[in-house]
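Structure, as structure tokens:
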Number of protein chains: 2
Amino acid sequence: MRSVRDALDLLGGKWKLPIILALLGGPKRFKQLQREVVGITAKMLSKEVKELEINGLLRRQVQAEAAPVAVTYTLEAYGDTLFPVIEALHDWGRQPRNHIMHPQEIVVEKTEAFEQVAAA
Amino acid sequence: MRSVRDALDLLGGKWKLPIILALLGGPKRFKQLQREVVGITAKMLSKEVKELEINGLLRRQVQAEAAPVAVTYTLEAYGDTLFPVIEALHDWGRQPRNHIMHPQEIVVEKTEAFEQVAAA
DNA sequence: CCGTATCCTCATCGATACTG
DNA sequence: CAGTATCGATGAGGATACGG
């Protein structure tokens with residue numbers, strides 16, 4: 001449970017996961033990123049990307065010194081390990097909402113891995 | 001990506017996942033829940049639990065009408081399907097932070113499931 | 001192109017006190 | 001026990017404009 005909270009601290013907020021998701025597709029530049037993460041403002045993107053860099057999830061690289069400057073953001077290996085998290089979130093978000101009509105179709109077996117997670 | 005955002009909408013905030021995690025261990029009463037979800041106030045627990053009920057993630061049952069009242073919160077089957085999400089978050093939160101020193105130890109293979117998620 | 005500076009609003013969260 | 005009421009702090013997030 002502590003580790004779930006830890007993860008939530010690093011990934012909390014509206015934008016961090018969507019940014020990482022975009023970068024899973026490969027390195028991106030600032031404007032590119034802003035286009036893919038629909039709805040984010042330059043201010044928020046700048047701020048979030050800064051935090052993600054501090055936490056070692058991505059790397060920021062300035063390509064040229066002259067104007068116009070080019071900056072590339074690349075996911076670190078550590079950020080890459082978030083893939084299972086995003087995948088789980090994605091799978092869950094895709095679920096139909098008619099679970100109440102067909103509850104028997106949704107089955108999750110616990111007892112093994114469950115104990116480890118719940119006990120932590 | 002839309003589904004990741006959908007999931008984030010339902011699970012956003014500081015407390016929803018920790019509450020669900022606690023309920024994965026079985027039905028709980030209000031006070032029990034407040035004890036297990038360390039740091040949450042009665043106000044927040046009340047509010048979060050209400051939202052989770054509206055979204056069909058848990059069920060609220062009043063056990064007795066006389067005082068002292070007993071209320072039990074039980075995870076719905078739909079809420080149960082969040083287990084993979086919590087597990088992924090938990091696994092990720094457990095990772096050592098020395099990834100920078102040993103980047104080669106962290107390997108994630110993409111290319112199959114990756115394409116589906118990134119394309120969504 | 002890549003941001004930062006301001007200003008602003010609103011939701012989130014917390015503390016404390018109180019009720020059925 | 002299971003909450004609600006009230007007040008207040010904080011910060012996330014957005015709009016707009018501007019700078020290197």
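All chains are named by letter (A, B, ...) in the order of the sequence lines, taking the proteins before the strands, and each is independently numbered beginning at 1.
- Considering A/Leu89, A/Leu8, A/Asp6 as possible partners of B/Leu89, the one that fulfils the side-chain contact (heavy atoms from CB on, under 4.5 Å) test is A/Leu8.
- Electrostatic pairing of B/Glu53 and B/Arg60 does not count as a salt bridge here, judged by no charged N lying under 4.0 Å from a carboxylate O.
- Ion pairing between B/Asp9 and B/Arg5 fails under the 4.0 Å rule for side-chain N and carboxylate O.
- A straight line from CD1 of B/Ile19 to C1' of D/dG3 spans 14 Å, rounded to a whole angstrom.
- In the hydrophobic clustering of ILVMFWY residues, with side-chain heavy atoms under 4.5 Å counting as a link, A/Ile54 and A/Leu23 come out apart.
- Relative ring orientation between B/Tyr78 and A/Trp92 is described as parallel, the plane-to-plane angle staying below 30° on a 0-90° scale split at 30° and 60°.
- Atom NZ of B/Lys50 is separated from atom P of D/dA2 by 15 Å (rounded to the nearest Å).
- Put simply, CG on B/Leu8 is 16 Å from C1' on C/dA11, counting in whole angstrom units.
- Counting to the nearest Å, the C1' atom of C/dC2 and the CG atom of A/Leu33 are 12 Å from each other.
- Axis orientation changes by 40° from one end of the helix from C/dG3-D/dC18 to C/dG20-D/dC1 to the other, with each end axis drawn from 5 pairs and the value rounded to 10°.
- Applying the 4.0 Å criterion to OP1 and OP2 of D/dC1, one finds that B/Tyr73 has every side-chain N and O outside that range.
- In this structure, B/Leu45 atom CG and C/dC13 atom P are separated by 13 Å, rounded to whole Å.
- Residue B/Ser46 places at least one side-chain N or O closer than 4.0 Å to OP1 or OP2 of D/dT4.
- A/Gln32 has its CD atom 13 Å from the C1' atom of C/dC2, to the nearest Å.
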Problem - nucleotides 6-17 of chain D: protein proximity per nucleotide (B base, S sugar-phosphate only, - neither; heavy atom, under 4.0 Å) - result: BB----SBBB--
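- In this structure, the nucleotide among C/dG3, D/dC1, D/dG3 sitting nearest to the side chain of B/Arg60 is D/dG3.
- Neither OP1 nor OP2 of C/dC2 sits under 4.0 Å from any side-chain N or O of A/Arg35.
- Checked against B/Thr72 for a side chain to side chain donor-acceptor pair (under 3.5 Å), the options B/Gln63, B/Arg29, B/Gln61 give a single hit: B/Gln63.
- Each of B/Thr74, B/Ile20, B/Val49 was compared with B/Leu58 under the side-chain contact (heavy atoms from CB on, under 4.5 Å) criterion, and only B/Val49 meets it.
- In the set C/dC1, C/dC2, D/dG3, the nucleotide with an atom closest to the side chain of A/Phe30 is C/dC2.
- A salt bridge between A/Lys14 and A/Glu48 is absent, with no side-chain N of the basic residue lying under 4.0 Å from a carboxylate O of the acidic one.
- Computed from coordinates, the A/Gln61 CD to C/dC2 P distance equals 14 Å when rounded to whole Å.
- Taking each heavy atom of B/Lys16 and B/Leu10 in turn, the nearest pair found is CD-O, 3.2 Å.
- Within the 4.0 Å cut-off from OP1 or OP2 of D/dG3, not a single side-chain nitrogen or oxygen of B/Arg29 is found.
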